[in-house]
Number of protein chains: 2
Amino acid sequence: MRWNEIQDIPCSIARTLSVIGDRWTLLVIREAFLGVRRFEQFQKRLEITRHRLSDRLNKLVESGVLRKALYQESPARYEYRLTRKGMDLYPVILAMAGWGDKYMAGDAGPPVEYVHLGCGKKITATLVCSECGEPIDAKSVKPMLGPGLSGLAKKAGE
Amino acid sequence: MRWNEIQDIPCSIARTLSVIGDRWTLLVIREAFLGVRRFEQFQKRLEITRHRLSDRLNKLVESGVLRKALYQESPARYEYRLTRKGMDLYPVILAMAGWGDKYMAGDAGPPVEYVHLGCGKKITATLVCSECGEPIDAKSVKPMLGPGLSGLAKKAGE
DNA sequence: CTTGTTAGTTCTATTTTGGAACTTTCAAAA
DNA sequence: TTTTGAAAGTTCCAAAATAGAACTAACAAG
């Protein structure tokens, strides 16, 4: 199977990967969360080739994670901003940062710490059940067939 | 910058990506969370080339996300199981699934639903502050220089 | 009219993938 | 005792993606 067919798999993880699952894309998004908006800035901070960066930004615009905004006429210059859809990737970023902090940071400690503006404390992101608020992990959650798949199953059975 | 240098960036997201940030790896892990353990099963379910699968599994073992466990002698056969480190990737998976459900599922609805064993309800994973329990998003969290980076800054300044 | 800034393209060489066939080690069946 | 058949890989080659560096375009400022 080729990578560009991956979005066709009826799986939300695969579909998400079809948007953010290639090299550099998530780092571009990380920079966007840190406030970076312009081509040159992305390029310098990430040390990504201009070619690649151009391609990744365009794809992110296509998929609705970023949008281009004119910030200067003559010559026309655009910057890249996170859309709502892009902002909603924050949990993914934070979950990855949390894992990296725990397992990859080494003795030096985490390179970035997160402060919650609500309570003013350093935090780690914690995943909880949307219904009862209890913390959850792999063992406390059971994946079940959802409508997006049972529909297919029905069709196949007809 | 080459991909194999990415782990050297002092960023937990980059370091996490150095482990799970390439094609297929996260889908392999998804299958592992669904209970898949054996080479043939991964291969059939993912339609990944055997070559790639072999490589990905080995790298995941190297990085401590999976471990090999002998399940049959003569001929010796091993299966791949998630370690604690691997299990702890669940928030990443769930965050991605949540985003995919929201933005990529289309009319058919999410392909998989998650039931919390604690309360028995269908849930979406929600990110909350580890200190005060309030839900968090990009705007309510401020990233600050952590020890892993301020150490470097000190060194550079000496 | 030269230099600088920003945002790209183009080119080539190298790496990484994808697809398909082949190998190894044994157990069980014919 | 040859044949079939799992299971878990390897090997080979062609195709695609990536890295690095140089080049281009559209202006503004000096």
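Chain letters run A, B, ... following the sequence lines, proteins first and then strands; every chain starts at 1. Model, not experiment: these values are computed from the prediction.
Atom pair B:Arg23:CZ and D:dA15:P shows a separation of 17 Å (rounding to whole Å applied). Taking atom CG of residue A:Leu53 and atom P of nucleotide C:dT6, one finds them 15 Å apart after rounding to whole Å. Taking atom CZ on B:Phe39 and atom P on D:dG9, their separation rounds to 6 Å, with Å as the unit. Residue B:Arg45 contributes atom CZ, which lies 18 Å from atom C1' of D:dA8 at whole-angstrom precision. The CG atom of A:Asp22 sits 6 Å away from the P atom of D:dT18 (whole-angstrom rounding). Following rounding to the nearest Å, B:Asp55 (CG) and D:dT10 (C1') show an atom-to-atom distance of 12 Å.
Side chain of A:Ser74, nearest nucleotide from D:dA28, D:dA19, C:dA7: D:dA28. Residue B:Pro75 places its side chain closer to C:dC26 than to any other of C:dT6, C:dG19, C:dC26. Here the side chain of B:Tyr80 is nearest to one of C:dA7, D:dG9, D:dG20, namely D:dG9.
Remark: the B:Arg50 side chain and the D:dA8 base include a donor-acceptor N/O pair separated by less than 3.5 Å. Contact annotation: side chain of B:Arg77 to base of D:dA7, donor-acceptor pair present below 3.5 Å.
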- prompt: What do the steps show when you test B:Leu46 against B:Val28 for side-chain contact (heavy atoms from CB on, under 4.5 Å), and what is the final call?
  reply: CA-CA 8 Å; B:Leu46 291 175; B:Val28 168; 3.8 Å; yes
> How far apart are the C-alpha atoms of B:Arg15 and B:Ile9, what are their side-chain angles, what is the distance that settles it, and do they pass the side-chain contact (heavy atoms from CB on, under 4.5 Å) test?
Replying inline: CA-CA 7 Å; B:Arg15 286 169 181 162; B:Ile9 303 174; over 6 Å; no
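Residue A:Phe42 is out of contact with every strand shown, counting any heavy-atom pair closer than 4.0 Å. Residue contacts shown for B:Arg52 include a base, since a base heavy atom lies under 4.0 Å away. Among the heavy atoms of the strands lying under 4.0 Å from A:Thr49 is at least one base atom, whether or not backbone atoms are also near.
The residue among A:Asn4 and A:Glu73 whose nearest nucleotide of DNA chain D lies closer to the 5′ end is A:Asn4. Residue B:Glu79 is the one, among A:Ala76 and B:Glu79, whose nearest nucleotide of DNA chain D lies closer to the 5' end (criterion: closest heavy atom).
One finds no salt bridge joining A:Asp22 and B:Arg23 here, because no Lys/Arg side-chain nitrogen approaches an Asp/Glu carboxylate oxygen to under 4.0 Å.
Ring-centre distance between B:Tyr78 and B:Tyr71: not below the 6.0 Å cut-off.
Smallest separation of non-hydrogen atoms from B:Leu117 and A:Lys139: CD1-O, 3.4 Å.
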